Amino acid sequence: MPLFECKHISKTYGSVVAIQEASFSLEKGEIRAVLGGNGSGKSTLAKIIGGAVKPDAGELYFKGKPFEVNSPSQAKKLKVIITSQELSLLTNLTVEENLVLPSIPRKGRLFIDKNAMKAKASAILEKIGLSSELGVLVEDLPANKQFMVEFAKSLLQEPEILVIDEITSALFRQEVEIFKNIVRELSAKGCGILFISHRMSEIFSICDSVTVMRNGSVIDTFPISEVNEDMLVGMLTAYKENIGGQTKENRAIEQSDRVLLSVKDMTLKRFGTRVSLDAKQGEVIGIAGLQGQGQSDFVRTLYGLNGHVHIRLDDKELQIDSVHKSVQEGLAFLSGDREREGTFSVRSIAENLEAVNSSALSRKALNQKRLLDSYGVKYDNASQQIRNLSGGNQQKVVIARWTGTNPKVLIADDPTKGIDVQARGDVHEIFGDLAASGSVVIMVSSDDEELVHLTKPLKNSRIMVMYDGKFVKTLMGEDITVHNIISASLPREGVVGK
Amino acid sequence: MNTFKRKLLNWSSFPSLVLIIALSVINSFLIPHFFSMSYISSFLTSYTPLIIVAMAQTFVLLGRGIDLSVGGIISLVNVIVVTLFGQGWSFPSAIAVGILAGIIIGVLNGIVIGFLRVTPLLATLATTSVAAGAALWIMPFPGGSVPIEYVMWYQSNVIGFLPTPLLFIIISILIWFIWKATPAGLQLYSMGRDIQKTYVSGVPVVWIQFYTYVSSGFISAIAAIALTGNTGAGDPLVGNTYTLFAVAAAVIGSVSLMGGSGDIFGAIFGAVFLGLAFSLIYAIQIPSTYQDLTSGVIVLLGIIGASLMKKRKRTFSFKPSHIKPIGGNQP
Amino acid sequence: MKRKITVFLSLLVILTLLLSACSSNKSTTGSQSNGQSGNFALEYKSKKKDGFIIGFSNGYFGNTWRSQYVDGVKRVTAELKKEGIVKEVNVQNTNGVPAQIAAVESFINSGVDAIVINPVSSSSLAPVVAKAISKGILVVVSESGADYPNTVVVGGDNAGFWRIQTKWLAEQLKGKGDIVEINGIAGNVSDELRTRESKDILKKYPDIKVLGSAPGGWDPTKGQQAMSNFLSTHSKIDGVLVQDQMAGGVIQAFEAAKRPLPVMTGDFTYGFLRMWKDKYPDLNTMTIPYNTGIGANSIRVAVKLLQGNKLKPESLSPNPLKKELKNTIISTVPYVITKEAQPDAPWMEGEDSKIKAIGLDEAVKMGEGKGESIAVESIWTEEEVDQMFNKPAN
Amino acid sequence: MSMEMNIEKSAPKPSSTKMIRNKLKPYIPSLSIIVLLLILGQILSPGFASLGNIGTIVSISTVLAIAAIAQTLIIISGNEGIDLSIGAVMSMGALLGAVLSKGMNTEIWYTVLILIGIGIIIGLINGIAIQFINIPPLVMTLGMTSVVNGFALAYTKGLPSGGAPEILVKLGIGHLGPIRWMLILGIVLIIALELVLRKTRYGKTLYLVGSNRMAAIISGISVNKTVLLTYVIASVAGTLGGLVLLGYVGSAQLEMGKDYALLSIAAVVIGGTSLTGGQGTYLGSALGSVVLVLLTSVLVAVGMPPGVRVLLQGLILLLILLIYSREPKLRQ
């Protein structure tokens, strides 16, 4: 008898089918990877299992009995826990308060037992290597630590089924190791684990089996030993030749020595440092570094989000005093945080597309259908709300919003976060095309491999590594490797004066 | 010592405390006997209902709701207590029924907002009509009375020098501490910050919402009992003016309308600030046609002042402080 | 979950009981104001002859009637200050019971000699008034009815105001027809006193049918909306019994509906009178100023009392809210304004001889140079006030 | 990308009837309540649903609908946007309108100009405090209410001179043929506002700003300008709406527009505009205004003790909200 079983689950949002007749089962102690492209229904499936989304049809069984829950709290009572990239942490509470929120220890049935709460929290924090964060407000934690706390929160609930929805994407290497150990430990105890991730290396290093989903359907499930990366990717997508540029030829980009964008001694407020950058026409620049070393600060400052900056663009000296000005001058900014900085969720796809073009720049309307189709956006009609699209499709609309205006410089801050392999390849291709047409692309990514995939195949490209608010290394050509990025990212004597 | 200082400076209610101190200094020059016991006791007699109703509002605001029905509840409780007493009920039992009525309106709010998911602003706008209409129906015309002993007791000192109104405030604070000490206290703050995340964390959020509105109804009823000690009679329109002042007091006390931050002491300070502002206007003889303008400007300055002080604390980052990036590169 | 609710509810019950128990604690016997049998205000013993400080608390502020009422207080204060009798009159406008209590408390704390109060509630200011009196402060209730013990009331003549107008309307309709009523604020004393009166009068005219009555809150906007509603649902409306400020709104409603203007009561502002004279000379209406001078009158009476003068028994009438309490000087309506002066008309029968029946032209003339929203007003002269008091003994 | 995929991914266009139904959908609740209330009114008081009365009710609704202009725009602008000061601003517009125009037609343009100026100032203060000092709109406009009321009182000393110029009275109660000017004004406003919201750059931007402020900033939209402009338009609509109110009532009175603050919020929400911003139509708000006016009218027409009327009004409003103005369920 499987530990958990889904039979013919379906769910639609409006006219968009999220899951269609999905079935699979999970054994006791099994670590199962779930792999799928954008809108393949992984996250919806996770939410259905966790009780936060109600399926339209289908049956769920847990330990052989029907699993009928009406809320996350009921699922939690049955020890079916989900932990997701959409963190469930409340930023105004402390770490320990967040950890115990699902089941607050009580004394005398009515009151909170503060001591028990602290004890419970410190035990788990020690396990994940964050004991020093006891009592700290979650809003004061960096993102990677927030993800670890989110993970710890699920552990505290002693899961028998644990669904992990892409929480490793923001973690550091050493944290990923801790994470893997804990997952293995859970599995040894008999917990069934669903691991949703795009990171192949993680999938291959911890999972026992893998379920592939596409377009809301379960394609198949394999023991991990029977598949390799290429096979999986092949199953995910109809055009495997584009993935990550691995099999792709170097693109011919118009050679140009003309400096399109030049920044001199731009101050990064948070670090008190000054940085400079010259970018030539057609260049793709990857910005790398450890989490929070100023990569985001750099691109955001450059875009005018942190106050006045002085730049030289297309042979013009410019005082950028607002984002509006940046956009007018041909800068574009793509954020990976779609929900907050990308989409206008209650507005239509068409309005989302026109946000920059007609609202900010008052230009003539775009050819929307052509744009959407050329990026392969899956949609019903352009007047439907964008929130009905899957995450990856939403991000494509946001990208189309910018490329439709022919920007001179495209700045991207971790633009492929939470996007599947296939869409990621599409995005890289779009960036390459843009550079080929003479623009500059500057991209920050938390994923070193991604940066390598983006820049390596291109001639006019480099990776700049940041540490403590400064550029510490520039990698070009054959030097562009994950290994070199990591070694340049780490603090070394001579680089950091402290 | 240093951590105490830091804690104090970071305390959400600190700005309103500063406002109170500033206004007290001004008032002490302009109002004779400002620091006398008799002044303080008469101040408390007058403003205790406002202080309490601001606390009631705080419960709801913390959970990212709003309760516009508090004024209606006060009127309703007031006329019920007076009417029942007039019909020969014992005063304590009349009070018990009155408080029950407050709770019932709170329950109505809680059901409509928590379970049936109507926007709080409009739901309570509708229930305030229900409460106020019921009050007017029960007592179409001001009148009746409560035992004179009760009025005397309310306006005297309960033990030695402790003014009785403080007792009502203390009871309300007690309710707050009970709330805070239970899981519901933690869940309230978390719900105020993000209801969806709190729901996903397995917290029964609709019940927490329900409790906040019931508590608000209950505490507003306490405010009504205090007010009845001050008026000694029934009046179907008596609570009208409290609703918006309660919101203003809470906001001046840095209780966020966005939920999840602030505490009950901020609300108390905010209410005291309003009281001091009005006292100031009564004391300095402003021409009557300019009084409304003056009080309006003072209240507005209070709001702006509290906001500015709060803002100074978070200088870094252009993002609203309540939403932090998820997985972005910023710490 | 059920357990939680039980715990929660029982907690509420316990707290409720606790609170009830506290409240029933009759801890103080207290010295209840002054033990004397008479009325403190009527028996007021003068402490000084001049330089009085008076607190004037006006419990509602938000229409032009009140503005003029308060303005009257200021005008008479200026006079009295010039004479040196009064040192200061601190006028405080507040809205709502709690604010008015606070304002009166503040007067008590600042040590005034007398408080003149236009209470926003006929009942709810009793404790604070009693507190003031217990501190030896003279309290005069102005305009609005309230039956607070140990006070003197200088009351507006709500009863007379509405009695005469209702009678007039009934007479114009010759005792027969369909009318609608647009009243003030439900739960307000003045409105209650007025509507009681019209009910009594209309009982005597069985053939006059009241089609409906609606509260207009003395707000012309609401009055107009109510009238529009009546107009649309009743094809025949012969008369409208509408209180003062809303009369203009009623006319607008009729105009908008393109219906002939009915027999209706009017407004006492010069704006209305001029409109009546110039624009609607054929309109069958009348008006009685509900006297904005009552505030000024109250101050005058308060000063006399402060000086130790005693009111003649015949100056006092029973309190409109409590007949056995004889503490009220009715500030009778000064004029009855009809198209032509009709002093002998049936509606004037039995009314105070001080009420003057005047014609529209005369009334308009009185208002020359005055603003549209100014109401016809009459303030007692010092002599008139003197006549209400016994001659000083010395 | 292959052609094959394009075909697969662009779904068929929905039929035109379906489009129309979708467009009408947001208005169905208010329209059905209007019909229901008219029938109820007709039963309780024959003649209620007559053409004349419907005209009257629509005209009365126009005043509320003007307040709803401000409320709709501000609520669409998002970020908890709400305007509690609109009632006070309208009262002030009426009072100053009477005083400045001295009741004369000749002074009307001068009056309008000054009122627009004052509206701009109030809107700027509101907008700046909300946008730059981060004061929640509810609180800022609440504070502004007492300041505006206080200002109007101080300026007029509570005794406004002048009156309603004839031209305004004509607008307020006059007819063009069989149709009331107010009805025409209402229709003109609906068309104008819908055009502004749908066709102008400001309108399109407003929806985006209301939907997601941060995304709007990133997209290079001048969010501050849009929000400030919205508060300014709202206040100007308020002061000029005060003139319409003055014409409708015929005389100025302190706080005569007081009730419109909360009523307009209710109208907007009944009209299907979500309080979270980024969505909504003005036509909906106008229909919501009609619903509210109709509700009061039915209750007045029936005749009952005042307390009961208020109570019933509350219960019916609650019922309306329950039927179709509910927030999404927590569980999707």
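In what follows, chains are A, B, ... by sequence order, proteins preceding strands, each numbered from 1. This structure is a prediction, so every number in the text was calculated from the model and none was measured.
- The side-chain heavy atoms of D:Met256 and C:Asn63, taken from C-beta on, include no pair separated by under 4.5 Å.
- Going from atom OG1 of C:Thr64 over to atom NZ of D:Lys157 covers 16.0 Å, rounded to the nearest 0.5 Å.
- C:Ser67 places a side-chain N or O within donor-acceptor distance of the main-chain N or O of D:Gly158, the cut-off being under 3.5 Å.
- Remark: D:Leu51 CG is loosely packed, at most 12 non-hydrogen atoms of other residues, nucleotides or ligands lying under 6.0 Å away.
- Counting heavy atoms from C-beta on, the side chains of D:Thr56 and C:Leu231 never come closer than 4.5 Å.
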Fill in: Check against side chain to side chain contact (heavy atoms under 4.5 Å, CB included), C:Thr221 and D:Tyr260
CA-CA 11 Å; C:Thr221 319; D:Tyr260 291 121; 3.5 Å; yes

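- Considering only heavy-atom pairs separated by less than 4.5 Å from chain D, the leading option among C:Ala186, C:Gly212, C:Ser228 is C:Ser228.
- Note: C:Arg66 CZ to D:Leu153 CG = 13.0 Å, rounded to the nearest 0.5 Å.
- A 4.5 Å side-chain heavy-atom check between D:Val300 and C:Phe230 finds at least one atom pair inside the cut-off.
- Other residues, nucleotides and ligands contribute over 12 non-hydrogen atoms within 6.0 Å of the NZ atom of C:Lys258.
- Contacts between D:Leu299 and chain C at a heavy-atom distance below 4.5 Å are absent for every atom of the residue.
- Looking only at heavy-atom pairs under 4.5 Å with chain D, the residue among C:Gly371, C:Ala375, C:Ala256 that has the most is C:Ala256.
- In terms of the ring-ring contact (aromatic ring centres under 6.0 Å, His included) criterion, residue partners of C:Phe56 (sequence neighbours excluded) are, by chain and number, C:Tyr69.
- For the pair C:Gln252/D:Val169, a side-chain contact is recorded, criterion being any heavy-atom separation below 4.5 Å from C-beta on.
- D:Asp259 and C:Lys222 are joined by a salt bridge, as a carboxylate oxygen and a charged side-chain nitrogen come within less than 4.0 angstrom of each other.
- Considering only heavy atoms from C-beta on, C:Phe61 stays 4.5 Å or farther from D:Asn149 through its side chain.
- Under a 4.0 Å N-O distance rule, the pair C:Glu255/D:Lys170 does not qualify as a salt bridge.
- In D:Tyr155, the OH atom is not crowded: 12 or fewer heavy atoms of neighbouring residues, nucleotides or ligands sit closer than 6.0 Å.
- Distance CG/C:Asn95 to OG/D:Ser146: 11.5 Å, rounded to 0.5 Å.
- Only the backbone of C:Ser213 comes within contact range of chain D, with heavy atoms under 4.5 Å apart.
- Summarising the local packing, CD1 of D:Ile167 is surrounded by 12 or fewer heavy atoms from other residues, nucleotides or ligands at distances under 6.0 Å.
- Using modelled atom types, one side-chain atom of C:Ser373 and one backbone atom of D:Pro160 make a donor-acceptor pair closer than 3.5 Å.
- Among residues two or more places apart in sequence or in another chain, the side-chain contact (heavy atoms from CB on, under 4.5 Å) test is passed with C:Thr233 by D:Ser45, D:Phe48, D:Ala301.
- Annotation: C:Trp218, atom CH2; neighbour count of heavy atoms from other residues, nucleotides and ligands within 6.0 Å is above 12.
- In this structure, the side chains of D:Leu159 and C:Gln68 come closer than 4.5 Å at one or more pairs of heavy atoms.
- C:Gln224 CD to D:Ser251 OG: the interatomic distance, rounded to the nearest 0.5 Å, is 9.5 Å.
- Within the 4.5 angstrom heavy-atom criterion, no atom of C:Lys74 approaches chain D.
- For the pair D:Ser161 and C:Glu372, the minimum side-chain heavy-atom distance is 4.5 Å or more.
- D:Gln253 contributes no side-chain N or O that, together with a main-chain N or O of C:Pro220, makes up a donor-acceptor pair within less than 3.5 Å.
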Discussion item. Determine whether D:Val293 and C:Gln225 satisfy the following criterion, side chain to side chain contact (heavy atoms under 4.5 Å, CB included), listing intermediate values before the conclusion.
Written reply: CA-CA 9 Å; D:Val293 170; C:Gln225 191 173 336; 3.8 Å; yes

